[in-house]
Every structure is written in C-alpha cells, then in structure tokens.
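Read through the structure below, which is laid out as structure tokens, and then see the notes.
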Amino acid sequence: MKTNPHVFSNSDITVTYNPCQCINAERCALELSNVFRQSVIPWIDLEGATTDEIMSQIRKCPSGALQYHINKKEVA
C-alpha cells in the first residue's frame, strides 16, 4: 500500500513528510520540538520557528523523509 507524503505549507515554505521513508531517528523532534511535535496533530507546525530554522533542520533529516521548497512570491 502506497502512502502519499503529508504536506504542510505557510506563505514562505512547503514541507513534505514521507512516512514510508522515515527511519524514526527523531532528530527533527528532539532538535526543533516547537515545529516537529510528537504528540500533537498536525505534528508539523510551521509557525513554531523561523523559515531558516525549519529549512536547516530539514536538511539534517538522515532519511530524507522531510523535504521542503520555497514558495514563489507573486510580484505585483
């Protein structure tokens, strides 16, 4: 059975989490618990830290289960 990635967005960033790829190292939750919350749904709260802090933490994900991309800003 295939599981689709979970998607979380705010105005700056979109984060995807692929539960089938996660090795449960818990590095995200241990190092940035205001964003990656273990006992709350939804478990990713993008308002819990700055975009730079979130991107830095995602780059540390050992399995690559967490990914991000910067949302394009519309120019008026």
Side-chain angles (χ1 to χ4, degrees):
M1 184 171 122
K2 184 176 178 177
T3 302
N4 292 328
H6 301 194
V7 179
F8 305 87
S9 293
N10 64 20
S11 61
D12 297 324
I13 190 172
T14 296
V15 174
T16 57
Y17 166 66
N18 185 344
C20 292
Q21 191 174 347
C22 182
I23 62 172
N24 294 307
E26 297 183 354
R27 187 168 185 174
C28 56
L30 293 173
E31 295 180 11
L32 198 58
S33 62
N34 287 342
V35 174
F36 303 100
R37 307 167 304 168
Q38 295 180 330
S39 61
V40 180
I41 296 175
W43 78 279
I44 295 178
D45 177 12
L46 297 179
E47 303 306 316
T50 67
T51 299
D52 287 338
E53 290 171 320
I54 295 168
M55 291 186 307
S56 176
Q57 188 62 46
I58 289 171
R59 286 192 291 269
K60 297 176 187 176
C61 179
S63 67
L66 290 167
Q67 299 288 320
Y68 72 88
H69 72 265
I70 307 280
N71 298 332
K72 291 182 181 178
K73 305 272 189 206
E74 292 195 29
V75 179

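- Under a hydrophobic clustering in which Ile, Leu, Val, Met, Phe, Trp and Tyr are joined whenever their side-chain heavy atoms come within less than 4.5 Å, directly or via other members, V35 and I70 fall into the same cluster.
- In this structure, N10 and E47 approach most closely via the heavy-atom pair CB-OE2, 3.5 Å.
- Summarising the geometry, atom CD belonging to Q38 is positioned 6.5 Å from atom CG belonging to L30; distances are rounded to the nearest 0.5 Å.
- Shortest non-hydrogen contact noted between L46 and V15 is CD2-CG2, 3.7 Å.
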side-chain contact (heavy atoms from CB on, under 4.5 Å) assessment of I44 paired with Y17
CA-CA 9 Å; I44 295 178; Y17 166 66; 4.2 Å; yes

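- Relative orientation of the F36 and W43 rings is tilted, given thresholds of 30° and 60° on the angle between their planes.
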Go through the steps for N34 and D45 under the test side-chain contact (heavy atoms from CB on, under 4.5 Å), then give the verdict.
CA-CA 7 Å; N34 287 342; D45 177 12; over 6 Å; no

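- Rounded to the nearest 0.5 angstrom, N4 CG and T16 OG1 are separated by 11.5 Å.
- Here OG of S63 is found 11.5 Å from CZ of R27. Values are rounded to the nearest 0.5 Å.
- Between the side chain of R37 and the main chain of P42, a donor-acceptor pair closer than 3.5 Å is present.
- Here the CE atom belonging to M55 is positioned 8.0 Å from the OG1 atom belonging to T50, to the nearest 0.5 angstrom.
- Of the inter-residue distances, the one linking S33 atom OG with Q57 atom CD reads 10.0 Å to the nearest 0.5 angstrom.
- To the nearest 0.5 Å, atom CG of residue N71 and atom OG1 of residue T14 are 3.5 Å apart.
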